[in-house]
Protein chains: 2
Amino acid sequence: MARTPRNDALILEVLGRNRRFRSCQEVHIVLVRRSSGQGKPPSLSTVYRALHRLVREGLLDTIRSPDGELLYRLCRTSDRHHHLMCRLCGRVEDVPQAEELSAALDRIGGASGFGGLDYTFELSGVCPRCS
Amino acid sequence: MARTPRNDALILEVLGRNRRFRSCQEVHIVLVRRSSGQGKPPSLSTVYRALHRLVREGLLDTIRSPDGELLYRLCRTSDRHHHLMCRLCGRVEDVPQAEELSAALDRIGGASGFGGLDYTFELSGVCPRCS
DNA sequence: ATGATATTGAAAATGGTTTTCATAACCATA
DNA sequence: TATGGTTATGAAAACCATTTTCAATATCAT
C-alpha cells in the first residue's frame, strides 16, 4: 500500500482551485504564501518531487509553456490533452468539438504504422476576454 | 537588403541533409566535426543566434523534445506542423491524413471564439523500424 | 580608406530543474 | 516503545540548455 507523502494533499488542493496550468514555482509560491503563520511550507525540491510523483500516478496533466517551462494541472478523467490556451492571460479551456479531433487522431494513428502512440496537442490564441 | 551572416549557409546545409529535427548543440557538433582541417567552426552562441534568426525568417520549424530541448529543422512550404516522432530513434515523419486534421482544427478554431489561433501538434510513438 | 552597422567568440550569467546528502518522519514488527 | 528498514524532506550544490555581455572583427556603402 502506498504511503502518501504529506505534502501531496496540499499541492493537489492548490491545483484543484481552478483548471489553469501552473508551473512548479507558481505552486510553490502559493504554498509559501498560504502557510504564513501555520508552520513551514514544503521546499521547492519537495514540490518538484511531488509534482513528478503525481504525474507518474496519472493525477496531473502537463504541457510546456512556449518558453519551455513545464506546467501542471489536475487531470480530468478521459482527458485526452486537448487544450486551448490564451497567450495573454494563460487561461486554458477545453477544445470544443474534441470528439471530432479525437477521431481524426485515431485514424491517423492507425494509418501511421507507429506503435505506442501518444500525442500532445496545443492550441493557443487570444481569448475573447483578452481581445 | 538583408546581409546574410556567413554561417547561415553552413547551418542550413547541415539541416538540409535530412528532415530530422536537431538541437542547436547537435548542429554545432556537426559543424565542429565537419571543420576539422578547414578553419574554425562557428561558436555555439553563433549557432544559437543563427537558428533564432532562421526561425524568425520562417526558414526553420521548431518543436520541443520531451525533455524540453528546442529542436530545429528545415521548413517545408505550407507545413502546418504535423509531426510524428519516434520516441526511440528520433526520426520524424509527416502525419498521414493531415488534411483531415487541418479541417478539424479549422472548425475548432471557428467554434472557440479565440482569435489569432495557432497550434502545435505532436504525435509520438515507436516507428516500425524500432519496434 | 573611413566610419557606421552587424556578426562573432569566449566567458559569464540565467533560470528551470535535478541531484546530493544528511536529517527527520514514518511504519511494521517484536 | 524500542528497533530497524524504508521513504520523505530541506538546503545547497550541480546540471545544462539557452542568453547575455562585451570586446574584437568583419562587412558594407560611400
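Letters go in sequence order (proteins before strands), and every chain restarts at 1.
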Could you grab the distance from atom CG of B:L10 to atom OG1 of B:T46, nearest 0.5 Å is fine?
11.0 Å
Whole angstrom is fine here: how far is it from CD in B:E69 over to C1' in D:dC15?
13 Å
From the list D:dT18, C:dG9, D:dG10, which nucleotide is the closest neighbour of the side chain of B:T46?
C:dG9
Whole-Å distance between D:dA17 P and A:D67 CG?
18 Å
Length of the line joining A:D8:CG and C:dC26:P, which is rounded to integer Å:
14 Å
Name the atoms and distances for all side-chain donor-acceptor pairs under 3.5 Å in residues 47-54 of chain B, with sequence neighbours left out.
from  : atom 1 : to    : atom 2 : distance (Å)
B:Y48 : OH     : B:Q25 : NE2    : 3.2
B:R53 : NE     : B:D8  : OD2    : 3.2
B:R53 : NH2    : B:D8  : OD1    : 3.2

Taking 4.0 Å as the cut-off, does a side-chain nitrogen or oxygen of A:Y48 come that near to OP1 or OP2 on C:dT17?
yes
Nearest-Å distance, CD (A:Q25) to C1' (C:dT18)?
12 Å
A:R56 CZ - D:dT7 C1' separation (whole Å)
13 Å
Between the protein and nucleotides 20-24 of chain C, are there any N/O to N/O pairs under 3.5 Å, and if so, what are the atom names and distances?
from   : atom 1 : to    : atom 2 : distance (Å)
C:dT20 : O4     : A:R49 : NH1    : 3.3

State which residues pass side-chain contact (heavy atoms from CB on, under 4.5 Å) with B:R17; sequence neighbours excluded, sorted by chain then number.
B:E13, B:R34
Which pair of non-hydrogen atoms, one from B:L15 and one from B:Y72, has the smallest distance, and what is that distance?
CD2-O, 3.6 Å
Minimum-distance nucleotide to A:H52 side chain [options: C:dG9, C:dT18, C:dT17]
C:dT18
B:L44 atom CG is separated from D:dT18 atom P, nearest whole Å, by 9 Å
Would you say B:I29 ends up clustered with B:L44 if hydrophobic residues are merged whenever their side chains have heavy atoms under 4.5 Å apart, either directly or through other cluster members?
no
From the list C:dG9, C:dT17, D:dG10, which nucleotide is the closest neighbour of the side chain of A:L70?
C:dT17
State whether the side chain of A:H28 and the backbone N or O of A:S45 hold a donor-acceptor pair below 3.5 Å, judged by distance alone.
no
Euclidean distance, atom CZ of residue A:R53 to atom C1' of C:dT17 [Å, nearest integer]
16 Å
Rounded distance (nearest 0.5 Å) linking atom CG of B:L59 with atom CD1 of B:I11:
12.0 Å
Can you tell me the distance, in whole Å, between the CG atom of A:L31 and the P atom of D:dG10?
11 Å
Of the candidates C:dT17, C:dG9, D:dT9, the side chain of A:N7 sits closest to D:dT9
